[in-house]
Amino acid sequence: MKYVLVSGGVISGVGKGIIASSTGLLLKTTGLNVTYMKIDPYMNIDAGTMSPTEHGEVYVLDDGGEVDLDLGSSERYLGVTLTREHNITTGKIYQHVIERERRGDYLGKTVQIVPHLTNAIQDWVERVAHIPVNENQATPDVCVIELGGTVGDIENAPFIHAMTQLQRRVGKGNFLQIHVSHVPVIPPGPQGEQKTKPTQRAVSDSRREGLNPDLIACRCEIPLEAGTIQKVANMCQVDADQVIAVHNVSTTYRVPLLLENQKLLPTIGRLFQLDSIPRNPTLV
Ligand code: ADP
């Protein structure tokens, strides 16, 4: 099983969900079975009790699970059917650990965020990643995990810690992180300057938490200039092909093509050492 973690920095709402689903779709075009999970760090057990004006539309899964709209995007992009278990929230994972504690599963132990909660997150992710989600009931090869919120948020901390542990548990070649950041244009408009500082801060925040992004996705209102991409690469000490530019498009269904044009698949194939990904893939 390979894991692609899609995390975010600077601000939420930068397009993590669309980038996560689009990456999954590209991987699916190579014949891999792709599944998807979303981690929402809020305390609610699920999105069902949240106001749509605050949280956005609630998406209802086939099993009745009331979840974030990103699960709806991924069902559509990947052609899969997800369950309520594919969405972890802080409320859900705490409830799970507290129920186990009451049952006596940890008898004699002091139950702590590390390792008990972080282990429970990893176990949950590994278990749910293996659930077949497509029509042919095949066990997935790749699990795309979208982590809501931004790295550095207090609510995010146990999940980030769990992801650093998961990376070690499954091995570096089986875990890849795409960190999504925002590149503002100041002043707004074609003459404005594309500012990379928020992205530099976002990458350094992630590294401080123990996660070193393999790919940096920069969301910008307008297409990123070559100089901006090179600057992000230089300042974050990665290769230019590890920087992905995602500008505003007329429909989010264009985002997979945007990623494909930047040769995301061969880059992921190299990082994952996946032979099934051709060097110069074309969408099928
Ligand atoms: P996040 O997961 O980071 O909160 P989403 O993926 O839910 O962000 O995207 C937030 C909003 O931005 C959604 O309405 C989505 O349709 C829109 N969006 C995302 N990426 C793009 C893009 N490249 N161009 C235009 N709109 C986008």
Side-chain angles (χ1 to χ4, degrees), residues 4-26 34 36-42 44 46-47 50-61 66-78 80 82 86-90 143-153 155-156 159-160 163 177-185 188-190 194 198-199 201-203 205-206 211 213 215-225 228-229 232 243-262 264 283:
V4 178
L5 172 67
V6 180
S7 54
V10 193
I11 46 168
S12 59
V14 280
K16 289 189 300 293
I18 299 296
I19 290 170
S21 294
S22 302
T23 305
L25 173 58
L26 288 191
V34 183
Y36 172 93
M37 290 182 69
K38 169 99 197 267
I39 297 174
D40 282 308
Y42 44 69
N44 307 55
D46 63 33
M50 283 189 271
S51 158
T53 54
E54 187 179 318
H55 178 73
E57 210 69 61
V58 173
Y59 186 77
V60 182
L61 296 165
E66 295 170 333
V67 294
D68 187 272
L69 204 53
D70 282 332
L71 280 98
S73 306
S74 66
E75 280 201 336
R76 260 177 252 127
Y77 277 64
L78 303 175
V80 294
L82 303 174
H86 289 84
N87 183 214
I88 311 179
T89 67
T90 293
C143 177
V144 178
I145 308 166
E146 184 196 345
L147 176 59
T150 54
V151 172
D153 293 351
E155 294 89 351
N156 249 328
F159 295 106
I160 298 285
M163 290 301 113
Q177 182 196 2
I178 304 177
H179 200 47
V180 185
S181 169
H182 182 230
V183 173
V185 182
Q194 299 181 349
T199 302
R201 304 290 337 152
V203 170
D205 285 350
S206 179
L211 285 174
L215 297 163
I216 303 167
C218 299
R219 174 83 189 282
C220 187
E221 289 85 72
I222 54 174
L224 247 65
E225 292 157 10
T228 309
I229 294 174
V232 171
V243 181
I244 311 160
V246 185
H247 59 265
N248 282 7
V249 283
S250 53
T251 154
T252 49
Y253 289 106
R254 289 189 179 277
V255 175
L257 288 166
L258 213 55
L259 304 184
E260 204 259 344
N261 289 340
Q262 294 174 70
L264 179 66
L283 282 180

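Atoms within a ligand are numbered from 1 in the order they appear, just like the ligands themselves.
Side-chain atoms of His182 never come within 3.5 Å of backbone atoms of Pro198 as a donor-acceptor pair (strictly under, hydrogens ignored). Under a 3.5 Å cut-off, the side chain of Arg219 and the backbone N or O of Val14 do form a donor-acceptor pair. Judged by distance alone, with hydrogens and angles left aside, the side-chain atoms of Ser74 form a donor-acceptor pair with the main-chain N or O of Leu71 at under 3.5 Å.
Using a 4.0 Å cut-off between heavy atoms, Val255 contacts ligand 1 through its side chain alone, with no backbone atom that close.
The six-membered or imidazole ring of Tyr77 lies away from that of Tyr36, with a centre-to-centre distance of 6.0 Å or more.
For ligand 1, the polar-atom distance check against Gly13 finds a nitrogen or oxygen pair separated by under 3.5 Å. Residue-to-ligand polar distances keep Val246 apart from ligand 1: every N/O pair is separated by 3.5 Å or more.
In terms of protein heavy atoms, atom 2 (O) of ligand 1 is closest to Gly17 N, 2.9 Å. What sits closest to atom 23 (N) of ligand 1 on the protein, heavy atoms only, is His247 O, 3.1 Å. For atom 5 (P) of ligand 1, the nearest protein heavy atom (residue, atom name, distance) is Gly15 CA, 3.7 Å. Among protein heavy atoms, the minimum distance from atom 24 (N) of ligand 1 is reached at Val249 N, 3.0 Å. Regarding atom 7 (O) of ligand 1, its nearest protein heavy-atom neighbour is Asp70 OD1, 3.3 Å.
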message = Set out, in order, the CA-CA distance, both residues' side-chain angles and the distance that settles side chain to side chain contact (heavy atoms under 4.5 Å, CB included) for Thr89 and Asn44, then state yes or no.
response = CA-CA 7 Å; Thr89 67; Asn44 307 55; 5.8 Å; no
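Shown here, atom 21 (C) of ligand 1 is in close reach of the protein: a heavy atom of it lies under 4.0 Å off. Distance check on atom 13 (C) of ligand 1: every protein heavy atom falls at or beyond the 4.0 Å cut-off. Under the 4.0 Å distance rule, the nearest protein heavy atom to atom 16 (O) of ligand 1 falls inside the cut-off.
Judged as a ring-ring contact (aromatic ring centres under 6.0 Å, His included), and not counting sequence neighbours, the contacts of His55 are Tyr42.
Just one of Val6, Thr23, Val180, Ile178 meets the side-chain contact (heavy atoms from CB on, under 4.5 Å) condition when paired with Leu215; it is Ile178.
Thr199 has its side chain within reach of Val183: a pair of non-hydrogen atoms, C-beta onward, lies under 4.5 Å apart.
Among Glu146, Arg219, Lys16, the residue whose heavy atom lies nearest to atom 26 (N) of ligand 1 is Arg219.
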